[in-house]
Amino acid sequence: MLKERVAVVTGAASGIGLAISERLAGAGVRLVMTDLDGQAVEDAAAAVRKRGCEVEAVPLDVRDPDAVERVAELVVHRFGGLHIAVNNAGIVNRGTAWELSLDDWHRVMNVNLWGVIHGVRSFVPRILATGDDGHVVNVASMAAVHPQERLGPYTVAKHGVLGLSDVLRADLAAVDAPIGVSVVFPGRIRTAMNPVGSVEPHAVANNVLDAIARRRPYVFTDDHAAGAVDERLKAILSARTDVIAE
């Protein structure tokens, strides 16, 4: 089903982005891997190419909308179209919400939320123009459904990614576009951002490939914090009974 399709992955030099790239390549997808670290993404792409697939490596700062637009143009020029966009690039910082500096807030929001917005604005029109079935994968976090202390900017950004994904899905459905949208909620994944994680990135990649195949809108990759997530959603729903009518 995915053979000869074209995909672009941001934050692809390591961790979840690399694992997704490897799985896509293994399925026969032609691939553009991007990352802020140009040498790292070139090294990663060289390893993925050994699988016998077509892979381009491109340095990309997702905070720069013009740079994201250039990558979208490059994908179409190189491969003739675009079917799958994986907006994965992300960073994290820690501190209490009132003590983090504005620079701290902007640093995370500019990558984790605006980077995804830039991807949607540049990649989705190319998927639409290609005219085939397509898919957008936005990598959020368990923080989108299970907020934790000292992760203010990260949590706010990931909630934004969840909301953006839902709106994008509705917008595409409203114009009868054959494009699915999945938002991914990785838990404690072992990456450079979380070296003490207990789940390997390939578990996320396996779920992402399945989500593309089965059009899963919400993609959990493990059962971490399941109880806490359920309790939060129940609390939100039950609050509707507390409405005071005039």
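Considering only heavy atoms from C-beta on, V111 stays 4.5 Å or farther from L36 through its side chain. Looking at I16 and P186, their side chains come closer than 4.5 Å, going by heavy atoms from C-beta outward.
Scanning both residues, A225 and H146, for their nearest heavy atoms gives CB-CD2, 3.5 Å. Of all heavy-atom pairs between N112 and V161, the closest is O-CG2, 3.4 Å. Here the closest non-hydrogen pair linking V136 and I179 is CG2-CG2, 4.2 Å. Contact record, D35 with A12: OD2-N, 3.4 Å, taken as the closest heavy-atom pair. Of all the heavy atoms in T221 and G187, the pair that sits closest is OG1-N, 3.7 Å.
The environment of CZ in R215 is crowded: more than 12 heavy-atom neighbours from other residues, nucleotides or ligands sit within 6.0 Å.
Grouping the Ile, Leu, Val, Met, Phe, Trp and Tyr side chains by contacts below 4.5 angstrom, directly or via other members, places V76 apart from V124.
For the pair R216 and F185, the cation does not sit on the ring face, since its NZ or CZ is not both under 6.0 Å from the ring centre and inside 45° of the axis.
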For salt bridge (Lys or Arg N to Asp or Glu O under 4.0 Å), just list the numbers for E42 and R49, CA-CA rounded to whole Å, side-chain angles, deciding distance to a tenth of an Å, and then say yes or no. CA-CA 10 Å; E42 179 55 54; R49 283 191 200 102; 3.2 Å; yes
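The main-chain N or O of V181 is found under 3.5 Å from a side-chain atom of R169 such that the two form a donor-acceptor pair. N88 contributes a side-chain N or O that, together with a main-chain N or O of T10, makes up a donor-acceptor pair within less than 3.5 Å.
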